[in-house]
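Worksheet for the structure shown next.
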Amino acid sequence: MASYATQKDGIFPSVCSLDCPDTCGLLVHKQDGKIVKITGDPAHPVTQGAICNKVRNMPARLYDPKRLKYPLKRVGTKGEGKFERITWDEAIATIAEKWKELIAQHGAESIMPYSFYGNMGILNVEGMDRRFFNRLGASQLERTICNSAGAAGYMYTMGGSYGTDPEETIDTKLFIFWGCNAVSTNMHQVTLAEKARKNGAKVVVIDVHKNQTGRWADWFIPILPGTDTALALGLMHILFAEELVDETFLAEYTVGYEELREHVKQYNPAAVSAITGVSVDDIYELARMYGRTSPSFIRIGNGPQHHDNGGMFVRTIACLPALTGQWHVRGGGAIKGNSGYASVNFQALQRPDLLKEKTRSISMNQIGEALTELDPPLYSLFVYNSNPLVVAPNGNKVREGFAREDLFTVVHDLFLTETARYADIVLPATSSYENLDLFTSYWHYFVHLHLPVIERYGESKSNVEVFRLLAEAMGFTEQAFKDTEEEMIRQMLDHPANPYLDGITYEALLERHFIKIDRSKKPKFPGKLPTPSGKIELYSKRMEKKGLPPLPTYEPIKEDEKYPLLFVSAPNHNFLNSTFSNNARHVAMEKTPRLHIHTDEARKRGIEDGAKIRVYNDRGECVLTASVGENVLPGVAVSQGLWADEPGTKQLVNALTPSRLSDMGRGATFFSTRVEVEKL
Ligand SMILES: Nc1nc2c(c(=O)[nH]1)N[C@H]1C(S)=C(S)[C@@H](COP(=O)(O)OP(=O)(O)OC[C@H]3O[C@@H](n4cnc5c(=O)[nH]c(N)nc54)[C@H](O)[C@@H]3O)O[C@H]1N2
Ligand SMILES: Nc1nc2c(c(=O)[nH]1)N[C@H]1C(S)=C(S)[C@@H](COP(=O)(O)OP(=O)(O)OC[C@H]3O[C@@H](n4cnc5c(=O)[nH]c(N)nc54)[C@H](O)[C@@H]3O)O[C@H]1N2
Ligand code: SF4
Ligand SMILES: [Mo]
């Protein structure tokens, strides 16, 4: 296997594997076989040598004494964290034996994977594992915790995950970061906006929380959670009324603009202001700014789509650039995600043909309910690339499920996470730095090949290796389980249906490490889109057939009024979801989990800044530190970060979040929640 791992000293190319849109080109500095430093690769055209402090501190995570070195079996009670070292042979044999028994007694659907994108390497996150669970006939996991509502919404308007080339946004004149905390979550889009700003560009941020991104903006617009669709419809109302739309573009590239023109008449600025908390003047100012500035670019964030109405939010915002014809302007348009361009041959990679009979599918957003209520029950979970005990909604239910004595749980991770403490068998995972893998970005247009840069840590194994071993132990003899990493990468790149991948071969990647997809091969965007009409669908018949409103329509979130504060538990700057929440340095940088509340709300409850407060609703409670001020609107409470759920800390924000599914894509609705707070 092509690898740098055996070279003890030097600087080697790498790529960041964290679930972050930037997918930075990295340089790994080695001394005596160990990584001593990680820096950005200055040769990378988009990320240009800059990286975040999470990855600058990565060596501390890779060589953390707490990192798992060998397989473990549980000797204490579930959750207690008492384990004993075992060999890989024993671990794999135990799992295979248990699974054969379960299949004989209850069928393979009693087993389910639980995974997400803890490592963005395609082979390790959605490659060999998919082959394995298809062949096993396990229950299917709907991996919908992150952006599936928004992806579905964007797809209805635009046909797929296609947007602006971020490199072109250096020419942009107006940036709208809409529910996107880019300073923390997409730092290179901020760098590009900074460059454009030197040429006069303006930055607008629309958010429920004036966080670091809001403070960086030229104009911060606070909005009430879950109401953004109404604001976008109010903007459309003004754009049509004041003839700020591009009629030529609408006629040529969209369907349904006449219906939309009529439909948005009801969303007058006064009505929209009452829903959103944005003043009538601000709505006019924003609409006119958007209608008159070109190129204008919207970065559609993930936050607002974590609501009951999240799919419609993205579907609606995605219509705005079409109204003003921005898809034809260099630096104009929007990015929700860009993963469509470099989409690989998933049929060849994941081998759905190995699944003999269709099996049931279960939402990862309802894992607590699935483990406690499902009939026939799940009797085994294999968790990898994810930490559901901290990240999944309705956290107390999740814990109740994982605590089940009759549930056989395997966790494959680099650390003994909260979830791993509930496992029967724990397997040590390699880091991405130890693996051969292929990476694409969901923001920029580059494809990266990653060669192992270090030897594996302790006895750890990659996800690909673990599923190969399990396949062998289960007696699966197909060639699919013998394919090498290199062969699998070749299979997924061989994808004639996606001309954007032309010229991106294993050989070319070996030589150049990263290659940009070639957009010139297709008619210039928005050309022919993969929507049913081939055009941008302002009116969607496809939605109508599904019982959804065919035109962008505001529907309020569902949470009832019993508790007074809308609660948004967003990610933070120094963790990556729950990753790094077990690292003392990152915890020290974040200090303590806080709840941002408005001065008026605090005063009413006798809460002063810095006080410990109990945050609660019918699902659960947690204890956070009050941050009192004007960074959120009255009636809103915002926390940041998915903190480690150390026993006794009560800092699990997901104890409060709902497991309802969103309007589209069966997505998560973390942020459509209400709470009350009281001083401890
Ligand atoms: N540092 C860091 N970077 C990360 C992550 C991390 O945990 N830490 N996570 C990664 C992952 S998995 C993802 S999906 C992305 C997410 O990155 P983003 O796309 O930035 O999404 P979020 O951070 O979830 O939320 C963005 C903003 O939405 C706001 N928000 C919440 N509800 C609403 C609403 O109803 N309306 C409006 N207008 N705003 C709202 C929140 O206050 C927050 O500031 O970041 C990735 N990058
Ligand atoms: N309240 C609230 N909850 C949220 C969110 C929110 O904003 N608010 N955000 C949601 C979103 S957008 C997302 S994407 C999810 C993310 O949720 P998760 O995908 O669970 O993300 P992490 O918490 O980072 O956990 C990833 C785990 O994978 C492990 N890992 C890393 N590399 C490998 C590997 O190669 N092999 C194996 N086996 N393991 C590996 C890491 O050590 C880590 O424990 O959380 C969701 N939960
Ligand atoms: S900005 Fe994102 S991609 Fe770049 S190093 Fe940090 S986590 Fe990785
Ligand atoms: Mo995510």
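Residues: numbered from 1 along the sequence shown. Note that the coordinates shown come from a computational prediction; the quantities given were computed from them, not determined experimentally. As the structure lists them, so they are numbered: ligands from 1, and atoms in each ligand from 1.
Checked against the 6.0 Å centroid criterion, the rings of Y384 and H412 do not qualify as a close aromatic pair. You'll find the ring centres of F580 and W643 outside the 6.0 Å limit. Remark: aromatic rings of F467 and F133 are close, center separation under 6.0 Å. For an aromatic pair to be called close, the ring centres must be under 6.0 Å apart, and H596 with H209 satisfies this. In this structure, H586 has its ring center at least 6.0 angstrom away from the ring center of H573. Between H188 and H44, the distance separating the two ring centers is not shorter than 6.0 angstrom.
Contact analysis leaves S432 out of contact with ligand 2, as no non-hydrogen atom separation drops below 4.0 angstrom. The shortest heavy-atom distance from F415 to ligand 2 is not under 4.0 Å. The closest approach between any non-hydrogen atom of R61 and ligand 2 is below 4.0 Å. Note on ligand 2: V466 sits outside its first shell, no heavy atom being nearer than 4.0 Å.
Considering L656, D413, N387 only, the shortest heavy-atom separation from atom 43 (C) of ligand 2 involves D413. Among F575, F116, F580, the residue whose heavy atom sits closest to atom 19 (O) of ligand 2 is F116. Nearest-heavy-atom check against atom 2 (Fe) of ligand 3 across G40, P21, S441, C20 picks out C20. The residue among T419, N385, T673 with a heavy atom at the shortest distance from atom 28 (O) of ligand 2 is N385.
Checked for salt-bridge contact, R614 and E676 miss the test: no charged N lies under 4.0 Å from a carboxylate O. Salt-bridge annotation for E400 and R619: absent, with no side-chain N of the basic residue lying under 4.0 Å from a carboxylate O of the acidic one. A salt bridge does not link R456 with E434: every distance from a Lys NZ or Arg NE/NH1/NH2 to an Asp or Glu carboxylate oxygen is 4.0 Å or more. Using a cutoff of 4.0 Å between basic side-chain nitrogens and carboxylate oxygens, D483 and R131 are scored as salt-bridged. Residues K650 and E621 are paired through a salt bridge, judged by an N-O separation under 4.0 Å between the basic side chain and the carboxylate. Classification of D308 and R660 as a salt-bridged pair holds, one side-chain N sitting under 4.0 Å from a carboxylate O.
When atom types are taken as modelled, the side chain of D228 and the backbone of F313 share no donor-acceptor pair closer than 3.5 angstrom.
One finds the OG1 atom of T484 at 9.0 Å from the CE atom of M488 (value rounded to the nearest 0.5 Å). Note that the CG atom of D207 and the CH2 atom of W178 stand 12.0 Å from one another [nearest 0.5 Å].
Neither the backbone nor the side chain of V125 has a heavy atom within less than 4.0 Å of ligand 2. Here T417 has side-chain heavy atoms under 4.0 Å from ligand 2, and that is the only part of it that gets that close. Contacts with ligand 2 closer than 4.0 Å are made by heavy atoms of both the backbone and the side chain of S386. Only the backbone of T23 comes within contact range of ligand 3, with a heavy atom under 4.0 Å; no side-chain atom does. With a heavy-atom cut-off of 4.0 Å, N463 touches ligand 2 through its side chain alone. The proximity of L642 to ligand 2, defined as any non-hydrogen pair under 4.0 Å, is limited to the side chain.
Nearest non-hydrogen protein atom to atom 5 (S) of ligand 3 is V55 CG2, 3.4 Å. Closest protein heavy atom to atom 24 (O) of ligand 2: T579 OG1, 2.6 Å. In terms of protein heavy atoms, atom 8 (Fe) of ligand 3 is closest to C16 SG, 2.3 Å. Taking atom 45 (O) of ligand 2 as the reference point, the nearest protein heavy-atom neighbour is V391 CB, 3.4 Å. The protein atom (non-hydrogen) at minimum distance from atom 10 (C) of ligand 2 is F670 CE1, 3.8 Å. Scanning the protein for heavy atoms near atom 23 (O) of ligand 2, the closest one is S578 OG, 2.5 Å. Looking from atom 38 (N) of ligand 2 to the surrounding protein, the closest heavy atom is H412 O, 2.8 Å. The protein heavy-atom contact nearest to atom 21 (O) of ligand 2 is N577 CB, 3.7 Å. Among all non-hydrogen protein atoms, the one lying nearest atom 30 (N) of ligand 2 is L414 CD1, 3.7 Å.
Residue-to-ligand polar distances place L576 within reach of ligand 2: an N/O pair is separated by less than 3.5 Å. Polar contact check, Y384 against ligand 2: no nitrogen or oxygen pair lies under 3.5 Å apart. The shortest N or O to N or O distance between A392 and ligand 2 is not below 3.5 Å. At under 3.5 Å, not a single nitrogen or oxygen of N435, backbone or side chain, sits near a nitrogen or oxygen of ligand 2. Of the N or O atoms in S569, one or more lie within a sub-3.5 Å distance of an N or O in ligand 2. An N or O contact shorter than 3.5 Å is missing between H306 and ligand 2 by distance. An N or O contact shorter than 3.5 Å links N119 to ligand 2 by distance.
The aromatic rings of F175 and F177 sit parallel, their planes meeting at an angle under 30°, below the 60° perpendicular limit. Using cut-offs of 30° and 60° on the angle between ring planes, the pair F446 and F514 is perpendicular.
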Exercise for review: Could you please spell out the steps behind the side-chain hydrogen bond (donor to acceptor under 3.5 Å, both in side chains) verdict for E369 and N394?
Suggested key: CA-CA 9 Å; E369 290 78 2; N394 201 4; 3.0 Å; yes
Point to revise | Working for side-chain contact (heavy atoms from CB on, under 4.5 Å), residues V464 and N435 | key: CA-CA 9 Å; V464 175; N435 302 337; over 6 Å; no
Practice item. Might you work through the side-chain contact (heavy atoms from CB on, under 4.5 Å) test for V632 and V208, ending with a clear yes or no? Key: CA-CA 6 Å; V632 296; V208 301; over 6 Å; no
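Taking every heavy atom of I145 and a limit of under 4.0 angstrom, the matching atoms of ligand 2 come to 13 (C), 15 (C). Using a 4.0 Å cut-off to heavy atoms of D19, the atoms of ligand 2 that qualify are 14 (S). Using a 4.0 Å cut-off to heavy atoms of C146, the atoms of ligand 2 that qualify are 12 (S), 14 (S). Counting atoms of ligand 2 from 1 in the listed order, those under 4.0 Å from a heavy atom of A429 are 36 (N), 37 (C), 38 (N). Taking every non-hydrogen atom of G118 and a distance limit under 4.0 Å, the qualifying atoms of ligand 2 come out as 26 (C), 28 (O), 31 (C), 32 (N). Annotation for ligand 2: atoms under 4.0 Å from non-hydrogen atoms of F671 are 7 (O), 8 (N). Below 4.0 Å from some heavy atom of N654 lie the following atoms of ligand 2, by number and element: 1 (N), 2 (C), 3 (N). Those atoms of ligand 2 with a heavy atom of T430 less than 4.0 angstrom away are 35 (O).
Atom 6 (Fe) of ligand 3 has C52 among its coordinating residues (N/O/S atom, backbone or side chain, under 2.8 Å).
Between the side chains of W99 and S380, a donor-acceptor pair is found at a separation under 3.5 Å.
Using a 4.5 Å heavy-atom cutoff, the side chains of V46 and K516 are not in contact.
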